[in-house]
Trainee: 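There's a structure below that I have some questions on.
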Amino acid sequence: MSATISSTLDRYYQNDNRKYKWPYAAFNAIYSSVTDLKISADKVLFGRTAGENLSDKFHIKAYMPDCVVSYPQCEVLYDYEDKGKPLTLDGWVKSGAMFQPILIMFDTIPEESYDSITFSAEATISDGRVLPGSLEVQFGEYRR
């Protein structure tokens with residue numbers, strides 16, 4: 001059975017009666033590591049066709065929480081003071097780290113410019129499940 005990131009978030013939102021919603025807790029419940037991660041866009045980006053993997057065009061800006069824990073040993077690989085945390089998605093996946101929220105950013109600004117673009121992500125986790133998710137980004141007044 002395949003789980004999706006959006007359905008995990010939906011369950012979290014339905015079970016949470018706080019005024020604000022912070023999706024971190026939804027991901028915290030996934031006790032697994034990421035074995036493969038693919039990010040693509042629905043339009044040409046960085047000269048790559050729609051649907052082509054763009055994971056190498058991103059870097060990790062922040063870990064939430066600010067540490068990296070191994071799976072399944074649950075040993076701290078990097079704590080908040082460590083400067084050597086993996087900064088690439090590939091490095092994070094290869095570290096065998098437990099699945100956790102990360103903030104990612106483009107390495108460079110793409111040449112292409114759109115009013116909106118939809119990114120899709122597929123995270124394969126250690127038990128073989130694929131967790132798909134998507135995010136539409138509307139640039140509006142921020143467009144170049």
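Atoms considered below: every heavy atom in the structure, side chains included; atoms not considered: hydrogens, waters and symmetry mates. The first residue in the sequence is number 1, and the count goes up from there. Fair warning: this is a prediction, and the values are worked out from it, not measured in the lab.
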Trainee: Provide the full list of salt bridge (charged side-chain N to carboxylate O under 4.0 Å, His left out) pairs with a residue in residues 41-50, sequence neighbours left out, each pair given once.
Mentor: Arg48-Asp56
Trainee: Should Leu131 and Phe99 be marked as a side-chain contact (heavy atoms from CB on, under 4.5 Å) after you check the CA-CA gap, both sets of side-chain angles, and the distance that decides it?
Mentor: CA-CA 11 Å; Leu131 305 179; Phe99 189 65; 4.3 Å; yes
Trainee: If you define the side chain from C-beta out and look only at heavy atoms, does anything of Phe58 sit under 4.5 Å from Met105?
Mentor: no
Trainee: Can you list everything that forms a side-chain hydrogen bond (donor to acceptor under 3.5 Å, both in side chains) with Thr108? Sequence neighbours excluded, please.
Mentor: none
Trainee: Please enumerate all residues that pass ring pair (Phe, Tyr, Trp, His ring centres under 6.0 Å) together with Tyr71, with sequence neighbours excluded.
Mentor: Tyr31
Trainee: Give the C-alpha distance, both sets of side-chain angles, the deciding distance and a yes or no for side-chain contact (heavy atoms from CB on, under 4.5 Å) between Tyr63 and Trp92.
Mentor: CA-CA 10 Å; Tyr63 289 89; Trp92 177 59; 3.6 Å; yes
Trainee: Under the side-chain contact (heavy atoms from CB on, under 4.5 Å) test, which residues partner Ser40, sequence neighbours left out?
Mentor: Ser120
Trainee: Nearest 0.5 angstrom please: Gln138 CD to Asp115 CG, how far?
Mentor: 8.5 Å
Trainee: So Ile125 and Asp36, do their side chains get closer than 4.5 Å, heavy atoms only?
Mentor: no
Trainee: Checking Ser55 now: which residues fulfil side-chain hydrogen bond (donor to acceptor under 3.5 Å, both in side chains) with it, not counting sequence neighbours?
Mentor: Asn53
Trainee: Is the shortest heavy-atom distance from the side chain of Leu45 to the side chain of Phe106 under 4.5 Å?
Mentor: yes
Trainee: Counting only heavy atoms not in Lys57, do more than 12 sit closer than 6.0 Å to its NZ atom?
Mentor: yes
Trainee: What pair of heavy atoms forms the shortest contact from Met64 to Ile102, and how long is it?
Mentor: CE-C, 3.9 Å
Trainee: Using a 4.5 Å cut-off on heavy atoms from C-beta on, say whether the side chain of Met98 contacts that of Ser33.
Mentor: no
Trainee: Got a sec, which pairs hit salt bridge (charged side-chain N to carboxylate O under 4.0 Å, His left out) with one end in residues 65-93, sequence neighbours left out?
Mentor: Asp66-Lys85, Asp90-Lys94
Trainee: Is the backbone of Phe46 close enough, under 3.5 Å, to the side chain of Glu112 for a donor and an acceptor to pair up by distance?
Mentor: yes
Trainee: Check Leu77 against Ser95 and note the closest heavy-atom contact, atom names and distance.
Mentor: CD1-O, 3.8 Å
Trainee: Determine whether Leu89 and Ile60 make a side-chain contact, defined as any pair of heavy atoms from C-beta on separated by less than 4.5 Å.
Mentor: yes
Trainee: Are Tyr78 and Pro86 packed together at the side-chain level, in the sense that at least one heavy-atom pair is separated by less than 4.5 angstrom?
Mentor: yes
Trainee: State, to 0.1 Å, how close Tyr114 and Val44 come at their nearest heavy-atom pair, and which atoms those are.
Mentor: OH-O, 2.6 Å
Trainee: Which residues pass the side-chain hydrogen bond (donor to acceptor under 3.5 Å, both in side chains) test with Ser126, not counting sequence neighbours?
Mentor: Ser32
Trainee: Can you name the residues that form a side-chain contact (heavy atoms from CB on, under 4.5 Å) with Val137, not counting sequence neighbours?
Mentor: Ile117, Phe119, Leu135, Phe139
Trainee: Who pairs with Glu52 by side-chain hydrogen bond (donor to acceptor under 3.5 Å, both in side chains), at least two apart in sequence or on another chain?
Mentor: Thr49
